[in-house]
Amino acid sequence: MTEVIEQPVVEQRAGERILGALLYAVFGVIVGTVTTFLHRGRVELFDTTLWVGIVLGLVCILCLGIGLRLYLVDRWMTTGFAVGVVVAVGGLGLWNPGSSVVVVGDAFGLAWLALASLVAAACAFWPELPNRRVRTAPARDEYDGRSH
């Protein structure tokens, strides 16, 4: 019989949680910046234009967000990542005085702003799934003297 050994849960202090969330927010800003600059990428295939940039950008944010949410028990880190993505996408989508716009104000650009923010937020606020690990009772010694 297999025996499952429970690992003790290590509680993090508030300072560690805040620092971790800030570091993941910086990571989210990096991911949000890169995907925002690449969201209008396209490929010409015969006579058809395939807009692969927005799809790959959303998949990248989704995979990283889900991976962080599943790997890290604490929701603070994933929330920091989502805030970083939203800040980067929103900040680059705003109009600035130099008229250099990364996100064009058309339907495609607005879709990027909305979908990237929603995907990041959905990963951060996804409910915690129950642990489905199989647990078995510890093996009893046959000769412990107890009867059934």
Side-chain angles (χ1 to χ4, degrees), residues 1-140:
M1 285 190 193
T2 46
E3 185 176 333
V4 175
I5 299 172
E6 294 287 329
Q7 295 291 333
V9 177
V10 178
E11 290 294 323
Q12 290 181 337
R13 292 180 285 225
E16 292 174 346
R17 295 170 90 183
I18 292 171
L19 180 63
L22 288 174
L23 290 174
Y24 277 104
V26 170
F27 178 58
V29 167
I30 293 169
V31 170
T33 301
V34 169
T35 55
T36 299
F37 273 100
L38 298 177
H39 82 279
R40 290 190 78 91
R42 59 188 180 270
V43 174
E44 299 289 330
L45 186 64
F46 302 111
D47 292 335
T48 307
T49 301
L50 301 174
W51 293 89
V52 295
I54 192 168
V55 174
L56 293 177
L58 291 173
V59 167
C60 178
I61 293 171
L62 181 69
C63 289
L64 287 169
I66 289 174
L68 289 174
R69 184 70 182 102
L70 292 176
Y71 180 70
L72 301 170
V73 177
D74 197 3
R75 195 181 297 248
W76 280 66
M77 311 315 175
T78 311
T79 304
F81 172 76
V83 167
V85 169
V86 170
V87 164
V89 170
L92 291 171
L94 294 176
W95 180 84
N96 59 23
S99 296
S100 173
V101 180
V102 177
V103 180
V104 180
D106 60 353
F108 196 76
L110 294 175
W112 170 252
L113 290 173
L115 291 174
S117 300
L118 285 174
V119 166
C123 292
F125 298 114
W126 190 261
E128 188 169 338
L129 299 175
N131 193 358
R132 296 183 183 258
R133 205 179 307 163
V134 177
R135 295 196 174 129
T136 59
R140 289 189 345 184

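No hydrogens, no waters, no symmetry mates; every other heavy atom, side chains included, goes into these values.
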Looking only at heavy atoms, which two atoms of [X] and [Y] are closest? And how far apart?
X: E16; Y: M77; result: O-CE, 4.3 Å
X: T78; Y: C123; result: CG2-O, 3.8 Å
X: A120; Y: A82; result: O-CB, 3.3 Å
X: F81; Y: I61; result: CE2-O, 4.1 Å
X: V103; Y: L113; result: CG1-CG, 4.0 Å

pair I66-L62: side-chain heavy atoms closer than 4.5 Å: yes
Full working for side-chain contact (heavy atoms from CB on, under 4.5 Å) between W51 and V43: CA-CA 7 Å; W51 293 89; V43 174; over 6 Å; no
Value rounded to 0.5 Å, distance of [atom1] in [X] from [atom2] in [Y]:
X: Y71; Y: L64; atom1: OH; atom2: CG; result: 14.5 Å
X: L38; Y: I54; atom1: CG; atom2: CD1; result: 12.5 Å
X: Y24; Y: L72; atom1: OH; atom2: CG; result: 4.5 Å
X: R69; Y: F125; atom1: CZ; atom2: CZ; result: 10.0 Å

According to salt bridge (charged side-chain N to carboxylate O under 4.0 Å, His left out), does anything in residues 31-43 pair up with another residue at least two apart or in another chain? List the pairs. R40-D106
Got a donor-acceptor contact below 3.5 angstrom from the S117 side chain to the A114 backbone? no
Are T33 and L92 close enough, and set up right, to give a side-chain contact (heavy atoms from CB on, under 4.5 Å), and what steps lead you there? CA-CA 8 Å; T33 301; L92 291 171; 4.0 Å; yes
Check the angle between the aromatic planes of W112 and H39 and answer parallel, tilted or perpendicular using the 30° and 60° thresholds. parallel
